[in-house]
Structure formats: C-alpha cells, structure tokens
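Notes follow the structure.
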Amino acid sequence: MAAIGAVLILLGGMLAHFTQTSNGIRIEDVRFKGAAGNTMSALVYIPPNASERSPAPGILAVHGYINSRETQDGFAIEFARRGYVVVALDQTGHGYSDPPAFAHGFGGPDGLAYLRSLPYVDKDNIGLEGHSMGGWTVLAAAAAMPDAYKSVVLEGSSTGKPFAAEGTPTWPRNLAVVFSQYDEFSQIMWGSEYAKNVPASGKLAAVFGATAPIEPGRIYGDIAKGTARVLYTPAITHPADHFSHEAIGHSLAWFGRTLTGGTPLPPTDQIWLRKEIGTLIALLGFLVFLLGAFELLLAWSAFAPLRVKPAQPDATTDPLPSGGRWWTTFWISALLPAVTYYPAFALGNAWLPASRLLPQAFTTQIVVWGLLNAVITLALLPLLPTRASRKGVAGQAVLIALATVAAGALVVWLADRLFKIDFRFWVVALKLPSATQCIIMLIYIVPFTLFFVVALHALHRNFSRPGAPALAHYTTTILTLTLGFVVLIGGQYLAMWLGGKLINPFPASPVVPLSTIIGIQFIPLLAAVAVISTFTWRRTGTSLPGALICGLLVTWYVVAGTATQAAI
C-alpha cells in the first residue's frame, strides 16, 4: 500500500507539475519583506515571454479568507499561459505570510509593490484579481497605489464596507465584478439578501454610476479612461468562483480587454483542471501511503504488542446492537455532530475570539464543536455495548501514530520540493505548515486528539467487531461520521438552490455562511478519518492508534489551512 500510495503521489505530482509549468512557465516560491518588516509569501508564475528586455504584463492574484496562494492556481495558471507574470499572494496571516490576518491591508499593498519591483514586469500593464477577501486585498492595494494598476477583477467580492474603500464610477479603475447567482455572502458584499438580486443593488449601482439595475455582460464606462465596469453572474456558489471555467474565463476576457501584451488565447482555452486532478490523485495517494506506512511499522517487532490476528465474530463475547437499537444508535451517532455544528460555531465566535492563547478563530470554533461532542459522547458511553479493552498498548500507539504522520509529512515535503504542489482538490487541501503554524499546532493538538480518542472509541464500540466483512465495516463507519454533514450541507445548498439563500438558525450571528462552506470540508475529512480509524482498528483491535493519528493529522490540516488572526 505504501508503494501504491507513493506511485499515486508521483503520477499526480507529475500531472500537476507539467500542467502548471506548461509552455515554459517557471514557478518561484518567494518570501519578501512588507513595508512594516513583515514577511510575505507568494508563488510567482513567470511565462517565457517575460524578460528584462521585454517586460510582460503582471497580475496580482489573491485568495479568499482561510485559504492560501494555491487556491488561486486556476487563475494563476491561465494568466501565465497568456503571458502574464502572476504573483499569487498569501494574505497576511494565511499560508506562509506573517500573522495577523487583516493587517497591513491584508498584504495587498506589499504584494503590488513586490509585483512592480520585478524587472521583467511591464509596470504600465498591471491587473489585480482577488476572490472574496482577496478582493478587499487587491482593493487595499489599489487604494494605496492608485496609479500602479490598470484594471481589477473582483471574484465574489465587493467595494465598500466592511473592509474596502467605497467604490465610485471612477474608482477602482476598469472594474469587472464576477458575482455568482448563489453566492453565500451577497448581504455582506452588496447589501442584497439574495445573490440573484445583486444586479439591482444600490451599492453596485453607485459603483457603476447607473440608476437602473445593472445588465450582466454589458460594459459601462470607458476602458481608455479607466472608468469601465462590467458585471458577470455565473450560476455557481461563492467557493466555486475559483473552481469554475466560466468564472475564470470572465477574468481572462476582462484582462484581455484592459491589458496589452501577453499571448492572446480564447477564454475557453483552459487547462487548470488537470492540475487539480493531479493534486487530487496525490491527495488520495497520501491517504493510501499513510495506511501503508502504518502497516509497515506494525510489522516491526517494536510494535508487536499492538498487532492482532484476524478473527471471526463472536456475538456471545462481543455483542453489538441489532435491529431497531442498531438503527437508533446509528442515527444518533450520525446526526448529533451535525446538530451541534452551528451552535458550537456560534458559541466559539461569541465567547472565544482570537487571542495569543487561541490565535486561530475558526480552529477554536472547530475545537469547541469537538469538545462539545466529546462531552456528550462521554455522557452516553454507559449506554453503549460493553467491549473488552486492550491494556498496556498506549505507549506503542503513541509511537506508531507519530511515526506514521511523520512519514506522511515527509512525502508532502518531497512533493513540495519536487513539484511545487500541496495535496488538494478545490477547498480540501493539505499543505506543509509554517514554523509559526507548527507552534500553533501545539496549542490545538490536545483538544483535537481528545475529541478523536473519545469519538472513535464510541464509534468502534458501537459498530466494529472482530472479523467483520471489510466492505460493510468501512461503509458503516464512513456513513456514521459523514452522513449528518451530508444531510446538513446538502440541505443548506438545496435551500440555496430553491429559495436563493442559506437557512440561518442564528440570525444575529455571522457564522452560518462561512461555517457552511467550512462544513463542506468536514465530509471528505471525516470520511478519511473513518478509513484511517477502521483500517488501524482492524489490525490492532483498539481505536487508540487511529485516534492519535487522526488527532495529529486533523490538527495539521486545520491549522495549516486556515487564518491566524492573532500574533503569538
């Protein structure tokens, strides 16, 4: 399995690498100092036509909140294929840029200054593109350096409050707004309760200098004077803006109209999805490799006390719920984590703001959810089937978990060094943590691990038995951990599709739109937890090794993938 996983990582990494470097594009991983002395991070995509003798147009491309520079790879790859130098920036407090988030104009002015400092960039042909909070980042750059750019694309973003300067018919220059028909943030962005009504927003009309609803696709103003405006409304959601041929195509078309130079290509000519498929293959390969590494380690004599031989089920010594009791247990186990999801996030948001002790607001909210469910599970443990527990294996469980995750970290590091990729697909991404994030992991690893120790102990007391058929066993544990979130997130987007907006059980709390998008990640992440936990349980007869691996892995995943709102 470790060999198969390594091959998948190699094949996926090669596909991703050759896609993002097609036609001679070079990618540089850079760190540079901001005006305040803070360290900023970016990936720079350099097309072959860019040189000091023949500078190429440049684009600053910025991801949204709780993402990182790789999230913009669809835009960056396609911009670079068209001859634009691209600086794909990590906002402050994201990825490898210094915290805190929101500081120094989100890092936008520093990013634009760095782009303009590159000797192979045509300083008279610079575009700004940002998704969500990345839009506010590039608007901060436009406000700080009003003559340093030529045009802007806001993907799922807006001018004005809460975090940008107010837009006017003349600022920012040559503006394209790509705002989807099912965007979860239409209220905060454009003051419209329903995303489909954004064309009639008064806030948007003020930017366009119009008195009637904005007609999507129509160009208002004059490109030559810098007053051009256009609105595009693809039928997608907010997180789909950076994973959409249509949304990316609109930005390509706009920069093709407003910037000169580069290599003209039709907006429909896009290859970025191959890179996402490559990193998805690598992500799946990582999971397979992790399981294989565990099995290899388990074969060592040092871990012999952990191993158990395959056994046949024995209902007299290993009872499980059956019939109606089994289904009751299953539905409570599946739905309880989803039922507590929004309340836990609202509680964490209200009572535990980011601080030096808890520097990542959303990680803290996830921890609140985990600990709440751990407490409920502990209260219900006396009602669960009595199971024989293994004694004297805690030390080996800790060591094998550390060694397994260390092997996984090694292949992520090698993929970064060889192919300049992390392991991702759309909003699901596993990347190397920065030094600061490694310290932050020490803060959150205990509560995360405690949650998994309790939750996976209950999972296997309820639904695992020696000798269980593999397919049924894995299917049961995967569904138990994910079905509640499938129902919750699926129900929310069904409501969005049918009614035009998400259902908000806490109207006074701002957490629902963003926590719903975060909840999308819970489905594949908890499925991976179920696979790892079931795989290790079937070989050791205890939930502890899998719980420790998942505690380490999920802490890594969450801390490295979200924003740090407070300096430590």
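- The closest side-chain heavy-atom distance from Q20 to I421 is below 4.5 Å.
- Put simply, the side chain of S186 does not reach to within 4.5 Å of the side chain of E193, judged on heavy atoms.
- Checked against side-chain contact (heavy atoms from CB on, under 4.5 Å), I219 has the following partners two or more places apart in sequence or in another chain: A228, V230, W254, R257.
- Not a single donor-acceptor pair under 3.5 Å links the side chain of S244 to the backbone N or O of D241.
- Residues satisfying the side-chain contact (heavy atoms from CB on, under 4.5 Å) criterion with L525, sequence neighbours excluded, are V554, Y557.
- Although no hydrogens or angles enter the test, the distance criterion places no donor-acceptor pair under 3.5 Å between the side chain of S201 and the main chain of N197.
- Pairing each heavy atom of A142 with each of Y149, the nearest pair is CB-CE2, 3.5 Å.
- I440 is listed as a side-chain neighbour of T564, based on a closest heavy-atom distance under 4.5 Å.
- To the nearest 0.5 Å, the span separating CG on L488 from CD1 on I503 amounts to 9.5 Å.
- Contact check for V178 versus L154: no side-chain heavy atoms found under the 4.5 Å cut-off.
- Heavy atoms only, all atoms of each residue included: F32 and A42 are closest at CE2-CB, 4.2 Å.
- Remark: aromatic rings of F362 and F345 are distant, center separation not under 6.0 Å.
- No hydrogens or angles considered: nothing links the side chains of E129 and S251 as a donor-acceptor pair under 3.5 Å.
- Neither side chain, T436 nor S434, offers a donor N or O lying under 3.5 Å from an acceptor on the other.
- Checked against the 6.0 Å centroid threshold, Y45 and F79 do not count as a close aromatic pair.
- Under the side chain to side chain donor-acceptor pair (under 3.5 Å) criterion, the residue pairs touching residues 56-66 are Y65-Q565, with sequence neighbours excluded.
- A donor and an acceptor atom, one from each side chain of H238 and S132, are located under 3.5 Å apart.
- Between Y182 and Y493, the distance from one ring center to the other does not fall under 6.0 angstrom.
- Salt-bridge check for R26 with E28: passed, with a basic side-chain N closer than 4.0 Å to an acidic carboxylate O.
- Under the 30°/60° scheme for interplanar angles, the aromatic rings of W136 and F106 are found to be tilted.
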Next item on the list: Evaluate side-chain hydrogen bond (donor to acceptor under 3.5 Å, both in side chains) for Y96 paired with S68, printing each intermediate quantity in order.
Entry: CA-CA 8 Å; Y96 305 123; S68 62; over 6 Å; no
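- Legend: residues meeting side-chain contact (heavy atoms from CB on, under 4.5 Å) with T233, ordered by chain and number and at least two apart, are Q181, P199, P216, L231.
- For R356, the CZ atom is loosely surrounded, since the number of other residues' heavy atoms within 6.0 Å does not exceed 12.
- Take D29 and apply the side-chain contact (heavy atoms from CB on, under 4.5 Å) test, not counting sequence neighbours, and it matches R31, L43, R69, K420.
- Counting heavy atoms from C-beta outward, E246 and H250 have side chains that approach closer than 4.5 Å.
- With a 6.0 Å radius and a threshold of 12 heavy atoms from other residues, nucleotides or ligands, M14 has its CE atom at or below the threshold.
- E78 places a side-chain N or O within donor-acceptor distance of the main-chain N or O of I271, the cut-off being under 3.5 Å.
- A distance-only check finds no donor-acceptor pair linking the side chain of K501 to the backbone of A495 [under 3.5 Å].
- The minimum heavy-atom distance linking L139 with A164 is given by the pair CD1-CB, 3.8 Å.
- Separating the OG1 atom in T562 from the CG atom in N67 is a distance of 8.5 Å, to the nearest 0.5 Å.
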Note to self: side-chain contact (heavy atoms from CB on, under 4.5 Å) for R424 and V428? Distances and angles first, verdict last.
What the structure shows: CA-CA 5 Å; R424 70 171 48 241; V428 178; over 6 Å; no
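- The shortest side-chain heavy-atom distance between N49 and S54 does not fall under the 4.5 Å cut-off.
- Within the 3.5 Å criterion, the main-chain N or O of P266 finds a donor-acceptor partner in the side chain of R82.
- You'll find the ring centres of F102 and F163 inside the 6.0 Å limit.
- Looking at T260 and N125, their side chains do bring a donor and an acceptor atom within 3.5 Å of each other.
- Taking 4.0 Å as the cut-off between side-chain N and carboxylate O, K33 and D110 do not count as a salt-bridged pair.
- Ring-plane geometry between Y220 and F208 is classed as perpendicular, the angle between the planes exceeding 60 degrees on a 0 to 90 degree scale with a lower cut at 30.
- Ion pairing between K431 and E70 holds under the 4.0 Å rule for side-chain N and carboxylate O.
- Remark: the backbone N or O of G95 is paired with a side-chain donor or acceptor of Q437 at under 3.5 angstrom.
- Of the possible donor and acceptor atoms, one in the side chain of T227 sits under 3.5 Å from a partner among the backbone N and O of D222.
- Between H131 and H242, the ring planes lie perpendicular to each other; the angle is over 60°, past the 30° to 60° tilted range.
- Applying the side-chain hydrogen bond (donor to acceptor under 3.5 Å, both in side chains) test to N174 and every residue at least two apart in sequence or in another chain returns nothing.
- Closest of all the heavy-atom pairs between P119 and E52 is CB-CG, 3.6 Å.
- The six-membered or imidazole ring of W272 lies near that of F243, with a centre-to-centre distance under 6.0 Å.
- Scanning all heavy atoms of the two residues, the minimum distance from F423 to A415 falls at CE2-CB, 3.5 Å.
- Judged by distance alone, the side chain of T19 and the main-chain N or O of L15 form a donor-acceptor pair under 3.5 Å.
- The side-chain heavy atoms of T263 and R81, taken from C-beta on, include no pair separated by under 4.5 Å.
- In this structure, D98 and T92 have side chains that are not in contact, with every pair of non-hydrogen atoms separated by 4.5 Å or more.
- Side-chain atoms of K203 come within 3.5 Å of backbone atoms of T159 as a donor-acceptor pair (strictly under, hydrogens ignored).
- In plain terms, the two heavy atoms of S97 and D90 that are nearest each other are OG-O, 2.8 Å.
- Around NZ of K196, the count of heavy atoms belonging to other residues, nucleotides or ligands within 6.0 Å does not exceed 12.
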Item checked: CA sep, side-chain torsions, deciding dist, call: Q492, Y342, side-chain hydrogen bond (donor to acceptor under 3.5 Å, both in side chains) -> CA-CA 12 Å; Q492 282 284 38; Y342 288 134; 2.8 Å; yes
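- K150 contributes no side-chain N or O that, together with a main-chain N or O of I126, makes up a donor-acceptor pair within less than 3.5 Å.
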